[in-house]
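To keep things clear, I will list the structure first and then write my remarks on it.
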Amino acid sequence: MDNSLQYLEIGFYGSAIILILVGLYGALMKKSLIKIVIGLSIIDAGLHLLMISIGYIKNGTAPIFSGEDFVVAGNMVDPVVQALVLTAIVIGFGVTAVALSLVIRLYRHHGTLKIDEIKNLKW
Amino acid sequence: MKKVIVLLLLAAFGYYLAATFFYIDFGISHFTNGVRDYYLAHTVNGLSVANTVTSIVVSFRGFDTLGEVTVLFLAASALGSILYKRRHKYEERVVLFPSSRIVQAGSKLLFPAIILLGVYVFIHGHLSPGGGFQGGTIIATGFLLMLLAYQDYHVSHNILSIVESMAGILFVTFGLLGFIGGGTFLENFLPVGELGDLFSGGVVPIIYILVGFKVGAELTGVIYTVLNEKDI
Amino acid sequence: MVGSPVLFIAIPLLAAFIIPLLGMIWKESVRILPGLVLVYLLTLSINLLGYVLDNGPIIEIIAGWTPPWGINLVFSAFSGFLVTLMLFLGLLVWIYSYRFKRNVDFEPAKKYFILLMMLITGSVGIVLTGDIFNQFVFIEIVGISAYALTAFYTGRDSAEASFKYLIMGSLSAGFLLLAIVILYSQLGTLNMADIARNIHTVKPVYKITALIFFIVGLGIEAEMFPLNGWAPDVYSQAPGPVGAAFAGIVVKSGVYAIIRIVYTIFDIEGAFDFLVIIGLITLLFAETAAIKQIRMKRMLAYSSIGQMGLVLVAFGIGTEAGVFAALFLMFNHAIIKSLLFYAGSYLVFNSKEKYINDVSGLGKSMPITSFLFALGAFAIVGLPPFAGFWSKLYFLIAAADSGMIMIIALILIVSIVEIVYYFRVVNKIYFSKKEAHVVPQRPTFNALFSMIVLGLIVIIIGFFPDLITGILHDASRDLMDKTDYINNVLSITH
Amino acid sequence: MTYIEYIEYIAFFFMILGIVFSAYRFLKGPTAGDRTVALDTLTTIMVAGLVLLAYVFQRFIYVDVALVYGVLGFIGVIVIARYLEGAL
Amino acid sequence: MREVLEIIGGIFILIGSIFLFLGALGIVRMPDVYNRLQAGTKATTLGGMSLILGVGLLEPDWIFKAIILVLFIGFSNPISSHALARAMYKRGRFPILGKGENMDAYREVYDKNKEEEVKS
Amino acid sequence: MIGAAIYAILSKDILYAVIATGVISLILSGLFYLLQAPDVALTEAAIGVALTTIIFIITIRNTVRFEDEHDKKEHIKTIEK
Amino acid sequence: MENTSSVNRVAAFILNWLFLMILWLAFTSSLAIQELLVGVFTTALISIFTTKLFSCCDISILSPVKIFYIIYYLFVFLFALIKSNFDVARRVISPSLPINPGIVKFETKLTTEYAKMVLANSITLTPGTLSIDIIDNTFYIHWIDVQTTNPEEAFTEIAESFEKILLKIF
C-alpha cells in the first residue's frame, strides 16, 4: 500500500502550484470574461489542493472514528485544514455564481465578451 | 511581448511559492502543540461525534459555518438582484423542449433515490463523510435533473424561500439557545449520547440537518433563477 | 455586562433570514426591519463601549470552546470604537437610502436592504473577530454584498465596475488563504492571540511571506496603492449611499485588519516602514490622479484613497501618538467623506455624466446641500475651525516627534493639492454661471436629515475636539498593548 | 505480498491506463460529444477506483463518496447532453 | 469459505479492471461518437459493476452498498449515453455509415424536425 | 489534471473549457480522496461536477460559445467536413 | 373511478416507500433501532412528496410470478451484457476494426413508459447496439455491425428476447 502511493506524493505540491500558476495566467491574460472566471476557479482548485496536502500525514487515515474499526487518533490526518477547505469550496462556488451573473449582465450591455471592447471605464 | 513579461513574472512567483512550500515537508506533522490534537481528543470525549471534520465545522468553528451559510444566502440574493428584470415571469419555460422519454422515465425513478441519498448524507454527517453542504448540494442536483428532463416541472419559489428562511432562523435560534444556563453562542446544550449512534453529538446533527435544508433550498433557488434567465 | 458581542453578528443574520418571510406578509417591513436592527445594535455598542472603557475588554467565546480552540470575538476599546463608528454610519446610510429611488420595485428593494445590512455586519465581524480564518469568511461576506450592491443599478456601467472589483477581490482572497495556510502549517493554530504568542518561533522566511500575502490580500479592502484600481469605478458606479458606505465602513474594516496583522500578530520591525512607504505612494498617486478627474464621484474616490494612504502613514509611524492621529484621521474621514458623498451625489443627481462642471452655480438653487458640501470640503483639507484640522495637526505632531521631517513636508505639499481640487469644486458651486441643462434635485427629508447630522458633527468636533480624544487615547493605548491582548484572550475561562 | 495485493496492483495499473486513454480522447477529441464521452468514461473509472481504494484503505465509510460520485457524474453528463441538444 | 470468496472477488476485480481499460481503449480507437459511446458504455458498465461486486465479495459487510452502486451504474450509464447520442444526432453529427442500403433510418425524423423548425 | 487545466485555459471554445473544468474537479476530488480527505472529496464532487457545470453552461447559453467570431467559423467548417 | 385512482395512489405510495426503505437499509447497512426509526420517518416523508412522480408499476409487481420473471430477466440480461462485452473487446482489440455501423428502426409492442425505458437500456447494453431515440413505439437503434435494415428482422435480432419477458412483467 505504501509503495503504490509513494510516487504520487511527490507531485502534490507541484501540481497544486502549477494549477495556481495556470489559473493566474488565465485570469490575467485571457480576453474572454468567462475564461477569466474559469481561471479564478482553477486558482481556487490549486489552493485547495495545496491546503489539503499540507495537512496530510504519511500513512494517516481520515479523521473519522468509524464504528466497526475504531482507529486511534495518533495517525489521523489534519482535520482542521479539511474543515477550512470545506468552507473555502462553498464560498468559492458562491463567488463563481455571482461572477457569472455579472458576465451575463455585461454581455447584455455590451454584446460582447471580449475584455478589450468593454472599456467604458478605464481598465 | 506582454505575454512574455507575464510568463516571466508568473515563473518567478511560482519559483517563490515552490521554494516556500517545498521546505514545508510533505507527509509529516509540522507542529507539536497545535489545535489539531485537542480537536481529535475532544471530538470523541466532549462531543461524541465520530467525524472530526464535522465536529470542527459545526461546533469548534461553528461560527465559520454560520458565515458560510450566509455567504450562500447572499450569493442567492445577489444573483436575484443582479439578474433582476422587471417583466419577469416565473411561468416562463425553463427548457425549450422536453428530453427523450428514456431520460424522463429514468429521472422520475431516480429522483426519490437522489433525494434520499442527500438526506442520508446530511443525517449521517456526524458519522460518515458528508454533511449539510454535501447533502444540500445533492438535493439541489436532484431538482436540477427534474428541471432538465421535464419542460413543465416547477418548484414553488415561495416554498423554497420559506424553507430557506426557516432553516436559517432555526440555526440562529439554536445558536442563541446556547445561552441557556450561562452558556455561549452555539454551545451544545443537549446530551451527547453514545459514540457511533445516530442520536449522538448533541446539537451537531441538528444544526447540520438545518444547514442541509438551507443549502438545498438555496442552491435550488439559484439553479432555478439561472435557468429562468433568458433573453426574450 | 449589558450584552454580548456575538449579538452584533447573530441579530442581523436572524433579521436577514426573517426579512424574506415578513416581506411576503407586509412589504414595508423589508425597509424598516434593517433600520430597527441597526438602531438596536448601535445602542448595544454604545453601552458596551461604555462598559469596556471602564472595565477592560470583553472577550466572547463561541460554542463553549475557549481560545485557541474555539473562535472568539474581542470587543476592546479599539475595536469597540470602530464598531460604534461603523454602526452609526450604517444607520445614517439606512436613513439616507430609506426612500432613495422611490420607484424601486419590491424585490430589488428587499435585496438592497438585506445586502446593505450584511455589508455592515460583515465589516463589524471583520473588526470583532479574533480568528484569522473567521476574518476571511467575513471578508467574503463583505465582498459578495459589495459586488452585488455595486451592480445594483442596471442602467449604468455598474456591472463592469463590479466585475473588476470581483476579480481583484477573489485574487486577494486567494492570497489571504495562502497566508493563512502558511501560518497554520507552522503554528497549528488560527487564533490571533495564539499566533501572536508563538510567532517568534517561526522562521523569518515564512513570517515575511505570510505578512506579504496578508497585506496583499487585505490591501484590496483597504484601497492600498497597487490594488485600488477598482475603487474609483466602484464609487462612481454604485448608488450614492453605497459609495458612502464603502468609504465609511468597508475601508475602515480593511484598514483595521491590516493594522491588527501588523501590530498584534507579527513582530517584524520592517513592517512599519513598509506601511509608511506604501501609504506615501498611495497618497501621492491618489492626489495626483484626483486633480485630473473631471467627474465628481471619481474625484471623491481618489480623495478617499489618498486619505487612506494618509491613515496608513500615520499607523506606520508606530508610536502611540501616531496611532492616535491615525484613529482621529479615520474618524474624520468616515464622517466627512460620507457627508461629501451624500451631498455630492445630490449635486450631480440629474446629470447624466456626473461631470464636475455640472455643479456650476447650484449654490443658489440648492443652498443647504451646497453649504454642507462646502463644509465637508473645508473640513477634509484641514482648515482650522473644522474637524479635519485637528487630525492633521495631531498627525504632524506625531510625525515630528518621530523625526520624519521629509514626510511632514510631503504631507503639506499634498494638502495644497487637496485644497486646489476641492476649492475648484466649491468655486464652481458658488461663483460660476449655472449650466442650463442641469435640473437641481431637492434632497428628500431623510437625506437632508442625515447630511445635517453629519455636518453638525463636523462642526462640533471642530470646536470641541476633546469630546472624542478621550476615547481615541484609550483605543490607541489598547492597540499598542500587545501582551495585554494576548493575555486577555488566552486567559479567558468558560 | 498476498494474492489480493497483486490483483490490486494489476487493477490499478489497468485503471490508470484507462484514465490516460480517456484523457487522450478528451484532449484530442474533435467534437464536444467525444469529450463528454471521455468525461463519462472517466467518471465510471473513478467510481470503480474509489471503491477499490476504499478497500485498500479498509474504510467502509469511504464508499459513500463513490456513491455520490456516481449520481452526480451522471447528472453532469445529462446537463451537457441537454445543452448540446439545444434544449437549454 | 472466506478464501473462496477472496479468490472469486479477486477474479471479479481483475476482470472489471480489464474491461474498464478496454472501454477506454475503445473510445480512443473507434472512429466516431456513436461507436465510441458503444465501446465506452458497455465495457465500462460491466467493468465497473464487476469490480465493485468483487470488492463487495472481498468484504462481505459492504455487499449491500456495493449492490446499490452496481444497480445504479447499470441503470444510469445507458441513460446518459443514450441522452448523449440523441444530443449529438440532433446537433447534426451524423454517424459514419457502413456499406448497405438505407443505413440511416433516423435521418428522416431529423429532416422532418428541421423542416418544422424552419417553418416556425 | 494539469493537462485539463492548461486545456481549459487555452481552448478557444468555451464549452470545451467548461467540460475541462468538470474533469479538473473530478480528478481533484480523486486526489483529495488519496490524501485521506473524503469529506472534501465529497464536497468537491458535489459542487464541481454538476452545479458549476450548469452555471457555466447557462452563462454560455446567454452569451456566446466562442472567444471570437473567427473561431466560430472554423468550428462550423469542421462540422461540415 | 375515483375510488380506484385513490387506491392506486395508496399502492404507489406503499411501493415508493418500500423502494426507498430498501435503499435506506442498503445505505446504512445497519439494523440499529435508531437508524430504522429515522429511516421509516424520512422515507415516508420523501415518498409523500414524490408519489405523484413514482408511477412505474402497480402493486401487482410484488406477486411471485412477476418477481420470478424479473429475476429471469436479470439473468438473460446479464448473459447478454457479458456477451456484448466480449463482443466489444473483440472489436476493440482486433487491429482492423471490424465495424459496419448504421441506424435501424423497429416497432415494439410495449406500452408503458417504464417498460420502454428498461428495454432501451437493455438494448444499449447488449451487443453492438445503442438506442438513439424512441418516438411513440418506434425505436431507433445505432448498430455497430448492421446485418439487416428490415425492421422486423432487426427486431428479432435485437430485442425479441427481452420484450417477451418484459411483456409479462409490466
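Naming convention: chains lettered A, B, ... in sequence-line order (proteins, then strands); numbering from 1 in each chain.
Considering only heavy-atom pairs separated by less than 4.5 Å from chain D, the leading option among E/I52, E/L25, E/V28 is E/V28. Looking only at heavy-atom pairs under 4.5 Å with chain E, the residue among D/G49, D/G33, D/G73 that has the most is D/G33. Of the listed residues (D/V20, D/D64, D/I16, D/I75), the one with the most heavy-atom contacts under 4.5 Å to chain E is D/D64. Options E/A85, E/G48, E/S76, E/G26 differ in how many heavy-atom pairs under 4.5 Å they form with chain D, and the most are formed by E/S76. Contact tally against chain D (heavy-atom pairs below 4.5 Å) for E/V55, E/T44, E/I27: the top residue is E/I27.
Side-chain contact check for E/F19 versus D/F14: every heavy-atom pair is 4.5 Å or farther apart. By the 4.5 Å heavy-atom criterion applied to side chains, E/L58 and E/E6 are counted as neighbours. Side-chain contact check for E/F21 versus D/F21: some heavy-atom pair is nearer than 4.5 Å. Side-chain contact between E/F12 and E/I8 is present, with heavy atoms from C-beta onward closer than 4.5 Å.
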Working note: D/E85 + E/R91, criterion salt bridge (charged side-chain N to carboxylate O under 4.0 Å, His left out); need CA distance, chi angles, decisive distance, verdict. CA-CA 6 Å; D/E85 227 173 355; E/R91 268 187 99 73; over 6 Å; no

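Heavy atoms of E/I73 lying under 4.5 Å from chain D belong exclusively to its side chain. Using a 4.5 Å cut-off between heavy atoms, D/L67 contacts chain E through both its backbone and its side chain. The part of D/Y24 that comes within reach of chain E is its side chain, from C-beta onward, which places non-hydrogen atoms under 4.5 angstrom from that chain. If you measure heavy-atom distances from E/I7 to chain D, the contacts under 4.5 Å come from both the backbone and the side chain. Only the side chain of E/L51 comes within contact range of chain D, judged by heavy atoms closer than 4.5 Å. Looking at D/A54, both its backbone and its side chain come within 4.5 Å of chain E, counting heavy atoms on both sides. Residue contact with chain E, scored on non-hydrogen atoms closer than 4.5 Å, involves the side chain of D/I78 exclusively. Of the two parts of D/V71, the backbone and the side chain both hold a non-hydrogen atom closer than 4.5 Å to a non-hydrogen atom of chain E.
Atoms CG and OG1, on E/L46 and E/T41 in that order, are 12.5 Å from each other to the nearest 0.5 Å.
If you check the side chains of E/N77 and E/T45, you find a donor sitting under 3.5 Å from an acceptor. Side chains of D/D34 and D/T31: a donor on one and an acceptor on the other come within 3.5 Å.
Between E/D32 and E/R36, no side-chain nitrogen of the basic residue sits less than 4.0 Å from a carboxylate oxygen of the acidic one, so the salt-bridge criterion is not met.
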